[in-house]
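Below: one structure, written as structure tokens.
Keep in mind the model is a prediction, meaning the values are calculated, not measured.
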Amino acid sequence: MGQWVISVASLCMFVVEILLPSTVLGQTPAPGKACATYTNTSCEECLKNVTCLWCNTNRQCLDYPVRSILPSKSVCALNAARWGVCWVNFEALIITMSVVCGIILIAFVYCCWRCCCRTKKSKGPDKEEVKAAREREERRVRQDERRVEMKARHDEIRKKYGLFKEDNPYSRFENN
């Protein structure tokens with residue numbers, strides 16, 4: 001399970017570094033400068049301020065609508081909106097992050113399921129193991145009974161034909 005957690009964490013860090021390079025992670029809001037002042041400049045200039053959103057269709061730099069998670073179509077279409085980096089549109093960013101979060105969620109649920117199943121099995125034998133052990137014991141008892149019956153039958157045959165000696169021929173000879 002530890003390997004899964006490490007690989008998922010490293011995958012997340014890789015995706016974050018690709019989608020949001022260190023220049024984006026180091027951005028700070030520019031004090032006192034409104035995003036509208038960057039309109040009709042470049043995307044890179046606009047996105048130096050993390051509170052800004054660049055709209056590619058009309059080359060506007062807008063304040064990011066923080067009250068809603070996604071900018072509405074009246075502000076800018078998702079495929080034209082840029083936030084964080086200029087080379088990834090908002091639509092692709094949402095899809096990529098959804099896929100990554102889905103993979104992380106599935107991996108987490110799988111790890112939890114594996115942990116629960118392993119602890120359940122380690123608590124004690126399950127029904128199949130108990131049934132198999134009981135059947136083995138029953139077979140062993142029947143085999144022992146058959147072995148005793150066969151020995152008795154063979155001893156009867158030996159007595160009948162005079163092959164059965166009750167005294168041990170290798171016993172100690174005693175002079176009386």
Side-chain angles (χ1 to χ4, degrees), residues 1-140:
M1 184 172 104
Q3 292 173 345
W4 274 92
V5 173
I6 291 170
S7 62
V8 168
S10 61
L11 176 68
C12 289
M13 290 304 293
F14 177 71
V15 169
V16 167
E17 283 184 35
I18 287 177
L19 293 178
L20 303 173
S22 59
T23 57
V24 173
L25 296 176
Q27 289 177 346
T28 57
K33 279 200 170 181
C35 293
T37 58
Y38 297 110
T39 299
N40 291 327
T41 59
S42 69
C43 178
E44 289 80 16
E45 287 295 318
C46 174
L47 295 183
K48 284 183 180 176
N49 186 349
V50 292
T51 61
C52 296
L53 172 75
W54 178 258
C55 189
N56 235 8
T57 54
N58 53 9
R59 299 182 54 82
Q60 281 187 330
C61 190
L62 308 165
D63 287 323
Y64 188 86
V66 291
R67 297 228 184 261
S68 63
I69 296 174
L70 301 175
S72 65
K73 286 188 178 184
S74 63
V75 174
C76 189
L78 286 179
N79 60 356
R82 306 286 191 263
W83 178 78
V85 288
C86 293
W87 53 272
V88 177
N89 68 34
F90 216 82
E91 196 173 40
L93 184 68
I94 291 169
I95 291 169
T96 305
M97 293 309 287
S98 299
V99 168
V100 169
C101 289
I103 290 171
I104 291 170
L105 183 66
I106 289 170
F108 178 74
V109 168
Y110 177 76
C111 290
C112 290
W113 177 75
R114 290 291 291 171
C115 288
C116 291
C117 288
R118 285 189 182 191
T119 56
K120 183 180 176 183
K121 284 191 175 189
S122 65
K123 286 181 182 176
D126 60 351
K127 291 179 183 178
E128 287 109 23
E129 290 176 9
V130 170
K131 183 178 177 183
R134 186 176 58 237
E135 288 175 356
R136 262 189 313 240
E137 182 62 26
E138 288 172 359
R139 274 190 243 118
R140 189 189 60 78

Side-chain contact, heavy-atom cut-off 4.5 Å: [X] with [Y]?
X    : Y    : answer
C112 : V109 : no
W54  : R59  : yes
C86  : L47  : yes

SG-SG distance between C76 and C55 under 2.5 Å?
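Yes, because the SG atoms of C76 and C55 sit under 2.5 Å apart, which meets the disulfide cut-off.
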Before you tell me yes or no, could you show the steps for T51 and C35 under side chain to side chain contact (heavy atoms under 4.5 Å, CB included), namely the whole-Å CA-CA distance, both residues' side-chain angles and the distance that decides it to 0.1 Å?
CA-CA 8 Å; T51 61; C35 293; 3.9 Å; yes
Can you tell me how far the [atom1] atom of [X] sits from the [atom2] atom of [Y], to the nearest 0.5 Å?
X   : Y   : atom1 : atom2 : answer
T37 : E45 : OG1   : CD    : 10.0 Å
C52 : L62 : SG    : CG    : 8.5 Å
S98 : L93 : OG    : CG    : 9.0 Å

Any idea which heavy atoms bring N89 and N79 closest together, and the distance?
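Smallest interatomic distance, heavy atoms only, reads CB-O, 3.4 Å.
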Of all the heavy-atom pairs spanning V88 and A92, show the shortest one and how long it is.
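Looking at all heavy atoms of both residues, the shortest contact is CG1-CB, 4.3 Å.
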Which is it for R140 and E137 under the salt bridge (charged side-chain N to carboxylate O under 4.0 Å, His left out) test, yes or no, and what are the steps along the way?
CA-CA 5 Å; R140 189 189 60 78; E137 182 62 26; 2.4 Å; yes
Verdict with supporting geometry, L53 and R82, side chain to side chain contact (heavy atoms under 4.5 Å, CB included):
CA-CA 6 Å; L53 172 75; R82 306 286 191 263; 5.9 Å; no
